[in-house]
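Reminder, nothing fancy here: chain letters follow the sequence lines and each chain counts from 1. These numbers come from the heavy atoms of this one structure, side chains and all, not from hydrogens, waters or symmetry mates.
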Number of protein chains: 2
Amino acid sequence: MRARERVLARIEADFKASGLPPLGWYDVLWELVQAEGGRLRPFEIEARTLLAQYNLSRLIDRLVKEGLVRREAFDADGRGQWVVITQAGRVMRERMWQTYGPSIEAHVGARLTEAEARQLAALLAKLR
Amino acid sequence: MRARERVLARIEADFKASGLPPLGWYDVLWELVQAEGGRLRPFEIEARTLLAQYNLSRLIDRLVKEGLVRREAFDADGRGQWVVITQAGRVMRERMWQTYGPSIEAHVGARLTEAEARQLAALLAKLR
DNA sequence: AACAAGTAGATGCATTTGCATGTATGTGGG
DNA sequence: CCCACATACATGCAAATGCATCTACTTGTT
């Protein structure tokens, strides 16, 4: 818990220094980029990111307001919708990665050897 | 990050099932129990728990309101204060531990061997 | 067809957080 | 001694979160 607090605080400091939006936005944008067609259903994003449903609903609102994603109707089910990443969203994700990647490297990568990183990942995987 | 979300969600679920206050309260109460005289200055708690100053300030308010700690004047410095754990605070901490301990064991301990736990702790220590 | 139960997502309200700033007290240099 | 600066803690306000509940739509059962 403490380790993640420290690491997260450092990464978020880097984000703020670069004038980027909250770190949490990255996860959603990333999942969308990964997904085929650059779109996912909200409940799919929820499952991938572990965001609570009501938090995701409002996070999507914010992303829409910033023009990073848009909502589209999901025809096969009137309750559903698509969340589609926009071009601006893709650009933003890349811009965020330019800070995020080096930040992870600096605050995590640089403190571990390759073998240690693998070990750590394996151990943490047991907790999921 | 994902591992901690999962583990934390499980532990918090146990807390809620037992009708306990937020998990975060435990850290403060624990630091106070550890400290000699059962008291610490706010900035000391801050350093030990990594809580932000403004969050701690208000967390203490809540603990005071619940009667788990009390504020006392710090004579040597008019700006300062002591945060002192009350008897009710000690009782509450013990009650929380009765859930917290087994919860940690169930969601973390049971998933790792002794050697793995030590390894994990050592690796995470490198990130602090 | 009708309806109970389930699922997708939104939202009102209270609480908590983050940020900036405020107040009060202490300290060190000239 | 004074004043700029630092430290300890609090707080107003905006934004995010958690919780419960709501609406809309779908599905399975009879």
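Residues Asp75(A) and Leu59(A) both approach DNA chain D. Their nearest nucleotides, taken by heavy-atom distance, put Leu59(A) toward the 5′ side.
Taking the charged nitrogens against the carboxylate oxygens, Lys16(A) and Glu12(A) have no contact shorter than 4.0 Å, which rules out a salt bridge. The pair Glu114(B)-Arg118(B) meets the salt-bridge criterion, with a side-chain N (NZ, NE, NH1 or NH2) lying under 4.0 Å from an Asp/Glu carboxylate O. For Arg71(B) and Asp61(B), the salt-bridge test passes: some basic side-chain N is under 4.0 Å from an acidic carboxylate O.
Side chains of Trp97(A) and Ile104(A) form a contact here, defined as non-hydrogen atoms less than 4.5 Å apart.
Spacing between atom CG of Leu23(A) and atom P of dT17(D) amounts to 12 Å, rounded to whole angstrom units. Distance CD (Glu66(B)) to P (dT15(C)): 12 Å, rounded to an integer number of Å. With rounding to whole Å, Ile45(A) atom CD1 is found 11 Å from dA10(C) atom P.
How far CD of Glu94(B) is from CG of Leu29(B): 11.0 Å, rounded to the nearest 0.5 Å.
Side-chain N/O atoms of Lys16(B) include none lying less than 4.0 angstrom from OP1 or OP2 on dG18(D).
Ring-centre distance between Tyr26(A) and Phe15(A): not below the 6.0 Å cut-off.
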Whether each nucleotide of nucleotides 7-16 of chain D has a protein heavy atom under 4.0 Å at its base (B), only at its sugar-phosphate (S) or at neither (-) is summarised, 5' to 3', as BSBBBBB--S
